[in-house]
Amino acid sequence: MTRMLVKRILLGVVILWAVSVVVFLATQALPGDAARAILGREATPERLAALRAQLHLDEPMWVQYFSWLGNIFRLDLGTSYANGMPVAELLGSRLNNSLALMLCATVISVPLSILVGTYSALRRDKAFDHATSVVSLVLASLPEFVVGIVLVLVFSTGLLNLLPAVYVMTGTGSAWSDPTQLVLPTLTMVLAVSPYIVRIMRATMIEVLESEFVQQARLKGLPERTVILRHALPNSIGPVAQVIALQLAWLAGGVVIVEFLFRFPGIGFALVDAVNNRDLPVVQTLTLAIAAVYIVVNLLADVVSLAANPKVRSAAR
């Protein structure tokens, strides 16, 4: 198990390095000129040349890459081209807001999906199972921005004018300053990730319930609640953990669309602004951070799979 985890960590480091190369090349390929975007109407050939020299944009691309990578290792995220603030300071509050949004979505979606998927498996081919299958299939087929727009139409316009349609900065700018503004973005993300977890949980639970060791536990006279909680559910969590990891990793990337839709002041909205302003340090930092979240979450899913499934632990030896 330890050897497998070490291999996964090393593989994650290699993947993160490859992502850094792709991110750097992609930002360099963005249309427009960062110096011209910063100066705007005040751009003159002399000012453009001076600003490019100040930002090291006139250096060879490989020199810029290794300089940027070295700064990352020193935890120096650079300075925003748009406003001259350190990137870490600029993104600090926005990162906290996005983490609050993703935490709310995770805490709600994961337990709820496991519960609904388990109950659907126990009520196989009954009305609840059919309704759950139809609803999850419909939600899984809809993009998250469509789900968000429908929620806005239902809860923010017309008769049910209950929740704000977009985020309005209040108080200190923290996401917790007005919790009602978190409801629609959180609900959108919950409805976007839950269908996949529900469907895989149902399928895995049905397979486990039909396995020999569950049948043996029932033949021993164990109560059905004990069979489910101590035998069926733990053996179902392992395969489902991989899907949960993928969906939680999606939250890090999908939050960009949701935040832009609701004008939520998080890293997603900051990433869209940075791309529009060609603020390369911010784009590079946020993209690399999202990739790192993908890698870490999938590594944690591997740990859960190894801990929950004896067969996987045996195969890893």
Side-chain angles (χ1 to χ4, degrees), residues 5-38 51-103 245-246 248-257 259-260 265-303:
L5 290 178
V6 171
K7 290 180 181 178
R8 294 296 176 88
I9 292 173
L10 294 176
L11 180 61
V13 172
V14 173
I15 292 175
L16 194 58
W17 170 77
V19 169
S20 72
V21 175
V22 174
V23 167
F24 183 81
L25 295 177
T27 53
Q28 295 297 317
L30 286 174
D33 182 6
R36 189 176 297 277
I38 295 172
L51 185 58
R52 291 192 184 103
Q54 179 183 348
L55 301 177
H56 306 288
L57 297 177
D58 55 348
E59 296 178 350
M61 189 177 299
W62 65 271
V63 174
Q64 295 183 49
Y65 169 74
F66 284 107
S67 176
W68 169 66
L69 193 62
N71 291 335
I72 292 294
F73 280 115
R74 292 192 297 270
L75 299 181
D76 180 7
L77 304 180
T79 303
S80 170
Y81 290 171
N83 52 28
M85 292 178 58
V87 174
E89 180 180 345
L90 176 65
L91 299 179
S93 61
R94 292 178 177 268
L95 178 61
N96 291 334
N97 290 339
S98 292
L99 288 177
L101 182 59
M102 289 186 285
L103 179 62
L246 290 176
L248 296 185
W250 174 90
L251 289 178
V255 74
V256 176
I257 299 175
E259 289 184 358
F260 185 74
I267 59 173
F269 198 68
L271 181 59
V272 175
D273 280 345
V275 171
N276 291 333
N277 297 326
R278 212 173 190 278
D279 196 348
L280 301 187
V282 175
V283 175
Q284 293 167 346
T285 299
L286 290 178
T287 310
L288 197 62
I290 291 173
V293 170
Y294 264 85
I295 294 172
V296 171
V297 169
N298 280 281
L299 179 62
L300 294 177
D302 291 337
V303 173

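In this text, all values refer to a predicted model and were calculated from it rather than measured experimentally.
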_Spacing of I257 atom CD1 and L271 atom CG [to the nearest 0.5 Å]_ = 11.0 Å

*So, R94 versus N97: side-chain donor-acceptor pair below 3.5 Å or not?*
no

*Counting distance only, does the side-chain N/O of E259 pair as donor-acceptor with the main-chain N or O of I267 below 3.5 Å?*
yes

*asked:* Quick check: closest heavy atoms across A291 and V19, and the distance to 0.1 Å?
replied: CB-CG1, 3.5 Å

_Test side-chain contact (heavy atoms from CB on, under 4.5 Å) on V6 and L10; report intermediate values, then the result._
CA-CA 6 Å; V6 171; L10 294 176; 4.1 Å; yes

_Sequence-distant partners of Y65, ring pair (Phe, Tyr, Trp, His ring centres under 6.0 Å), two or more places apart_ = F24

*Closest approach of V282 and A270, non-hydrogen atoms and distance?*
CG1-O, 4.4 Å

*Can you measure from OG1 (T285) to CG (L95) and round to the nearest 0.5 angstrom?*
11.5 Å

*Donor-acceptor pair, side chain of S67 and main chain of V63, under 3.5 angstrom*: no

*State, yes or no, whether a side-chain contact exists between V13 and I295 at a heavy-atom distance under 4.5 Å.*
no

*How many angstroms lie between OG in S98 and CG in L103, if you round to the nearest 0.5 Å?*
12.0 Å

_Spacing of CG belonging to L16 relative to CG belonging to L11, to within rounding of 0.5 Å_ = 11.0 Å

